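Data block below; observations after.
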Protein chains: 2
Amino acid sequence: MTETRAKRGRPRAFDRAAALTAATRLFWEHGYEATSIGELTEAMGIRPGSLYAAFGDKKSLFKEVVRSYGRSPVGAFMGVALEEEPTAHAAFTRILREAAVIYPDPAHPAGCLTISAATNVTPQDAEVEAFLRNIRNENLNVFEAHLRTAQQAGELSDAANPRALAAYFAAIIQGMSQRARDGAAAAELTETAELALAAWPAA
Amino acid sequence: MTETRAKRGRPRAFDRAAALTAATRLFWEHGYEATSIGELTEAMGIRPGSLYAAFGDKKSLFKEVVRSYGRSPVGAFMGVALEEEPTAHAAFTRILREAAVIYPDPAHPAGCLTISAATNVTPQDAEVEAFLRNIRNENLNVFEAHLRTAQQAGELSDAANPRALAAYFAAIIQGMSQRARDGAAAAELTETAELALAAWPAA
DNA sequence: GCCATTTTAGAGCGCTCGTTCAAGAAGGCG
DNA sequence: CGCCTTCTTGAACGAGCGCTCTAAAATGGC
């Protein structure tokens with residue numbers, strides 16, 4: 001399913017990973033419904049038949065894009081910070097500071113794909129909207145769990161509310177993504193990150 | 001242009017304001033492109049010809065919806081708070097606390113129309129996206145001007161950065177709107193608002 | 001060398017989109 | 001009343017949508 005070497009049949013003439021990257025860029029920039037199959041095939045350098053043979057329908061392609069994005073450096077930096085930093089405070093500090101630099105990076109479309117790629121959607125694509133919403137709410141649960149663990153370890157004041165703090169960080173991150181899409185530069189977002197960190201409960 | 005009494009000709013058979021409200025609800029819920037003329041005419045209780053005669057094309061209708069929303073209680077609460085509260089701190093406290101209650105209010109679609117109604121858009125409707133983005137960035141400028149004035153009046157520490165503080169509040173408000181659309185209740189958003197207010201610079 | 005298998009290119013499917021048009025209906029005004 | 005103006009209705013326009021189909025082309029296995 002992942003990288004099975006085709007034995008029989010005509011070999012694929014295009015780079016599947018490169019095509020997926022091109023699709024990612026389009027969905028990231030314009031969102032799910034505002035990206036047409038025609039734009040996708042042109043950017044991916046293939047014809048519709050090849051797209052449907054390699055990725056299934058548009059919905060499947062989008063979900064594969066989202067999964068691939070979640071494994072990429074830009075999409076996974078939060079999980080990496082939570083894993084690598086020794087304390088919760090260090091982890092969230094790093095998350096906000098990195099988001100401030102990553103979100104407006106001109107090397108890719110602004111903001112976070114998971115946050116902004118399926119916000120305006122027709123009723124028949126509500127499933128796609130829910131797919132991303134579930135990821136966002138699951139990330140919030142990861143934040144909460146991490147903060148709760150930190151509290152039990154004594155890193156975080158007993159008076160603090162892990163769920164409330166997690167929701168606060170989720171909101172500021174989503175806001176920073178939106179601001180990046182509205183043109184905010186890394187300098188502004190870094191100031192926002194520093195101000196946001198003032199909410200960390202006093203020891 | 002606003003409410004000119006029609007003198008000659010067949011009178012309009014529908015309530016223009018009620019139709020605008022119905023359109024507002026749809027655009028608010030699904031966004032600009034994900035709302036079709038067919039859905040609009042059905043919700044407004046009119047036929048396409050009547051829509052085009054009364055509101056112009058889809059873009060014009062949307063812009064009128066946005067302007068009308070900006071004059072409604074839900075759309076204007078920030079400006080009201082800035083105008084009514086005696087200090088900048090009181091104003092932003094009120095803005096965040098009210099947003100926490102208004103955004104998830106089930107009496108209307110979740111979140112802020114200006115923030116979320118044109119985020120995913122095809123290239124040919126980029127103008128509509130820019131129309132909302134300009135409003136958001138203009139609101140940010142209003143925040144900054146208000147904070148700058150407060151600083152000159154001695155309400156805000158000289159060490160504070162009005163632009164950075166304005167951008168921070170803009171980000172948290174946009175994040176709260178997104179969280180409301182993701183299902184966050186007033187209780188969670190109120191906690192977020194209180195945490196966000198911790199960023200206010202010490203006197 | 002042929003067959004089975006897979007991918008390719010390109011045309012085209014049914015459907016919905018935003019928008020327009022022609023004809024009829026409903027009021028004010030002479 | 002009959003005219004002028006405006007609104008309503010319902011059908012229809014061209015364009016683009018997601019997706020599929022047919023044939024030809026390109027490989028490995030026998």
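Throughout, protein chains are lettered first and strands after them, A, B, ... in sequence-line order, and every chain is numbered starting at 1. All values derive from a computational prediction rather than experimental measurement.
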* Asked: Think B:K58 forms a cation-pi with B:Y32, using NZ or CZ under 6.0 Å from the six-ring centre and within 45 degrees of its axis?
  -> yes

* Flag this pair as yes if the NZ/CZ of A:R12 is under 6.0 angstrom from the six-membered ring centre of A:F14 and inside a 45 degree cone about the axis; otherwise no. => yes

Euclidean distance, atom [atom1] of residue [X] to atom [atom2] of [N] [Å, nearest integer]:
{"X": "A:K58", "N": "D:dT20", "atom1": "NZ", "atom2": "P", "result": "14 Å"}
{"X": "A:Q124", "N": "D:dC17", "atom1": "CD", "atom2": "C1'", "result": "11 Å"}
{"X": "A:K59", "N": "D:dC19", "atom1": "NZ", "atom2": "C1'", "result": "13 Å"}
{"X": "B:F14", "N": "C:dA25", "atom1": "CZ", "atom2": "P", "result": "20 Å"}
{"X": "B:R8", "N": "C:dG30", "atom1": "CZ", "atom2": "C1'", "result": "12 Å"}

* What are the two closest non-hydrogen atoms of B:E39 and B:T35, and how far apart are they? ->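 It is OE1-CA, 3.5 Å.
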
* Verify the neighbour count for atom CD of A:E83: are there more than 12 heavy atoms of other residues, nucleotides or ligands below 6.0 Å? =>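 Not more than 12 within 6.0 Å, no.
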
* Does A:R12 make a side-chain N or O approach to OP1 or OP2 of C:dT7 shorter than 4.0 Å? ->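 Affirmative; the distance criterion is met.
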
* Among B:H146, B:E144, B:Q151, which one satisfies side chain to side chain donor-acceptor pair (under 3.5 Å) with B:R148? -> B:E144

List the atom pairs, with distances to 0.1 Å, where a side-chain N or O of residues 66-81 of chain B and a protein N or O form a donor-acceptor pair under 3.5 Å, not counting sequence neighbours.
from: B:Y69; atom 1: OH; to: B:L113; atom 2: N; distance (Å): 3.3
from: B:S72; atom 1: OG; to: B:Y69; atom 2: O; distance (Å): 2.7
from: B:S72; atom 1: OG; to: B:G75; atom 2: N; distance (Å): 3.2

* Check: B:R10 side chain, C:dA25 base, donor-acceptor under 3.5 Å -> yes

* Structure fact -> In numerical order, the residues of residues 33-57 of chain B whose heavy atoms come under 4.0 Å of DNA chain D are B:R47, B:G49, B:S50

